[in-house]
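Notes follow once the structure below has been shown.
This chain uses plain numbering: 1 for the first residue, then up along the sequence. Reckoned from all heavy atoms, side chains included, excluding hydrogens, waters and symmetry mates.
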Amino acid sequence: MQFFETILSMVTFTQNYAMSKTFAELGINLSFRESLTKLKILVPTDIQSKTIPAILTQKDDVVALAKTGTGKTLAFGLPLLQLINTENSEVQALILAPTRELSQQIYSNLTEYGSQNPATKVTVLSGGIPIKPQIERLKTASHIVVATPGRILDLISRGAISLKNVSSLVLDEADEMISNFKDDLERIIKEIPASHRTLLFTATLSGQVKQLIQNFMSKHVIQLEADMLTVGNQGIEHQYIVVEPIEKLEVLLHFLSSKQGQRGVIFCKTKAAVNKLGKNLAINKFSSGAIHGSLTQGIRDRIMDQFREGYIDILVATDLAARGIDVKEISYVVNYHLPDTYEAYVHRSGRTSRAGFKGLSLTVLQEEEVKELLNFENELGINFNALVKADPVEIEKNNGLLWAKKIFKTKPNRSISEKFRQEIVTIFHHLTKEELIDKVLANYLINKNTNTSKESSSKNRNKN
């Protein structure tokens with residue numbers, strides 16, 4: 001993949017230590033290395049090996065292109081922590097992230113990396129939570145601020161924070177940032193001294209990101225590119241399955257049943273689609289939760305925590321709401337709707353196959369969408385393999401198993417009168433367990449066939 005076109009003059013950083021194998025050789029101080037050792041982070045990733053010495057020893061802007069899950073936070077966070085002048089209590093570095101979840105993740109990581117350097121103060125500022133405690137926090141030293149664009153602008157307008165001493169601006173997930181917060185980003189940049197240094201990190205280089213680089217970064221930019229030959233090299237298997245609209249949900253449920261006990265993320269285009277699919281998964285007793293931007297921050301946090309801690313196996317989400325998921329054991333990603341952009345596909349599939357694990361990215365398509373996959377293959381340098389759809393017998397069998405699980409997980413209704421309950425018991429008491437199961441299953445199949453017949457008749461009437 002071509003990283004930059006000739007719209008910019010580049011400075012390529014090729015010092016020998018970019019290939020170093022230890023953090024000491026990259027220039028990281030002993031105290032920070034001790035923190036990394038406690039975190040069991042011993043060997044730098046490719047993007048860390050290239051980025052850390054560039055930030056520590058150079059003065060130019062940096063643009064780093066690296067896949068999701070390759071250690072970008074440490075790549076910019078560790079050198080920034082080391083460069084902080086703790087005798088100056090002003091904000092010296094501003095890290096912008098597109099979501100509260102991602103900003104909180106970055107803050108937590110920086111706190112861990114700097115655990116042996118308590119004099120360096122890191123503050124997180126994001127929306128969805130009360131602003132007054134954040135204003136109080138800013139009355140004390142904050143050397144590095146991690147923030148979402150909307151909240152930082154709110155605090156600037158209240159006079160609660162000054163960015164006049166910021167020397168380093170980090171744009172994490174820059175492709176998502178420019179897509180959703182372009183105007184906010186431009187306003188924030190105007191608050192920072194023109195002499196500041198910009199460190200831009202992105203998994204994709206869209207036209208909007210190129211324009212951002214051209215408009216707001218110096219002409220001499222350090223170009224860094226890590227492990228970007230193809231998205232497929234991440235250990236992700238890319239598959240697609242073709243369905244009719246009416247069978248889409250049933251095919252998905254069959255796939256999810258085959259992944260029982262594994263964790264996955266399902267992406268939908270809209271909030272309404274997330275709500276609808278989340279409800280269907282809950283009805284069918286899948287261990288799942290759904291998040292999107294219109295939910296309260298408290299609900300989003302609770303569901304995300306449940307997913308991270310393993311209390312739920314499936315997360316249904318919109319693209320933006322899923323940013324900040326840093327869970328290594330995500331086995332699969334499902335694109336319930338084909339994403340609108342190549343960048344979105346990279347970010348979606350990047351939720352799986354993290355930290356060396358293998359993963360699967362499955363895209364559910366209608367027949368007319370299949371031709372669009374060729375564009376994704378050509379642009380991203382990956383190959384999609386067709387997944388054969390389960391036959392109707394297997395789908396029907398899975399529906400029956402889901403029906404049985406719903407019965408098994410149904411809680412007894414204690415409001416039913418004892419007299420009525422005993423009358424029901426009297427009807428069934430002569431049956432053995434096996435006989436009762438046979439009769440209940442037969443009744444399920446009769447009702448299923450009846451409903452199918454009604455649906456078929458309704459379709460025929462509508463056609464006529």
Side-chain angles (χ1 to χ4, degrees), residues 239-296 299-300 302-304 306-307 310-322 325 330-339 348 351-352 360-367 369 387 389-411 441 444-445 447-456 458-459:
Q239 295 185 345
Y240 72 94
I241 189 168
V242 182
V243 300
E244 297 294 332
I246 193 172
E247 63 183 2
K248 189 172 186 178
L249 177 61
E250 289 185 335
V251 170
L252 175 67
L253 296 179
H254 181 271
F255 170 81
L256 295 178
S257 293
S258 72
K259 300 296 181 182
Q260 195 74 30
Q262 300 179 37
R263 283 200 280 182
V265 181
I266 304 175
F267 287 97
C268 298
K269 274 187 180 180
T270 65
K271 300 171 185 176
V274 167
N275 285 335
K276 184 177 181 181
L277 181 56
K279 182 177 180 180
N280 278 318
L281 294 186
I283 289 172
N284 284 282
K285 303 302 180 182
F286 282 93
S287 172
S288 62
I291 61 169
H292 54 69
S294 292
L295 296 174
T296 65
I299 293 175
R300 286 168 61 184
R302 176 172 55 80
I303 294 172
M304 287 291 289
Q306 289 175 340
F307 184 64
Y311 293 110
I312 59 176
D313 294 330
I314 302 169
L315 186 69
V316 186
T318 52
D319 289 293
L320 188 57
I325 299 176
I330 294 177
S331 301
Y332 62 88
V333 164
V334 176
N335 301 294
Y336 199 57
H337 302 107
L338 187 68
R348 288 181 177 190
R351 296 303 103 192
T352 186
L360 167 67
S361 178
L362 174 66
T363 302
V364 184
L365 300 171
Q366 295 180 36
E367 187 65 46
E369 295 178 305
L387 178 65
K389 183 175 60 181
D391 60 49
V393 173
E394 282 298 311
I395 293 291
E396 187 55 48
K397 177 182 175 182
N398 186 65
N399 290 341
L401 291 173
L402 293 176
W403 161 82
K405 288 179 182 178
K406 280 190 281 187
I407 293 177
F408 176 75
K409 292 185 178 182
T410 299
K411 294 180 180 180
L441 183 56
Y444 161 78
L445 293 174
N447 290 334
K448 185 73 175 177
N449 293 333
T450 300
N451 292 334
T452 301
S453 178
K454 288 180 179 179
E455 289 176 3
S456 178
S458 177
K459 286 181 185 178

Is any side-chain heavy atom of Ser331 closer than 4.5 Å to a side-chain heavy atom of Arg263? no
Could you tell me whether the side chain of Asn399 reaches within less than 4.5 Å of the side chain of Trp403, counting heavy atoms only? no
Can you find a pair of side-chain heavy atoms, one from Asn275 and one from Val316, that are under 4.5 Å apart? no
Minimal heavy-atom distance between Gly289 and Ile312, with the atoms involved, is N-CD1, 3.8 Å
Roughly how far, to the nearest 0.5 Å, is the CG atom of Leu253 from the CG atom of Leu401? 12.0 Å
List in chain and number order the residues that pass side-chain hydrogen bond (donor to acceptor under 3.5 Å, both in side chains) with Lys259, two or more places apart in sequence or in another chain; answer none if no residue qualifies. none
Please confirm whether the backbone N or O of Gln366 pairs with a side-chain atom of Glu369, one donor and one acceptor, at under 3.5 Å? yes
Looking at CD1 of Ile299 and OG of Ser294, how far apart are the two atoms once the value is rounded to the nearest 0.5 Å? 11.0 Å
Just how far is it from atom CD1 of Ile407 to atom NZ of Lys405, taken to the nearest 0.5 Å? 13.0 Å
Kindly assign one of parallel, tilted or perpendicular to the pair Phe255 and Tyr332, based on the angle between their ring planes and the thresholds 30° and 60°. perpendicular
Heavy-atom closest contact (Ala390 atom, His254 atom, distance): CB-CE1, 3.5 Å
Heavy-atom closest pair (His337 atom, Ala273 atom, distance to 0.1 Å) is CE1-CB, 3.6 Å
Selection residues 277-286 - residue pairs positive for side-chain hydrogen bond (donor to acceptor under 3.5 Å, both in side chains), sequence neighbours left out: none
Closest approach of Ile303 and Ala290, non-hydrogen atoms and distance? CD1-O, 3.2 Å
Side-chain touch Ile291/Val274, heavy atoms, less than 4.5 angstrom: no
When you compare the side chain of Ile266 with that of Leu252, does any pair of heavy atoms fall below 4.5 Å? yes
Rounded to the nearest 0.5 Å, the CD atom of Glu250 sits from the CD atom of Glu396 at a distance of 7.0 Å
Crowding at NZ, Lys406 (>12 non-hydrogen neighbours, <6.0 Å): yes
4.5 Å side-chain heavy-atom contact, Thr352 and Val265: no
Asn335 side-chain N/O to Leu338 backbone N/O, donor-acceptor pair under 3.5 Å: no
Evaluate the side-chain proximity of Phe267 to Asp319: yes if any heavy-atom separation is below 4.5 Å, no if none is. yes
Separation between CZ (Phe307) and CG (Asp313), nearest 0.5 Å, reads 8.0 Å
Distance, nearest 0.5 Å, that separates CZ of Phe286 from CD1 of Ile314: 6.0 Å
Examine distances only and state if a side-chain atom of Thr318 and a backbone atom of His292 form a donor-acceptor pair shorter than 3.5 Å. no
Minimal heavy-atom distance between Pro339 and Arg348, with the atoms involved, is CD-NH1, 3.4 Å
Side-chain heavy atoms of Tyr311 within contact of Ser287, under 4.5 Å: no
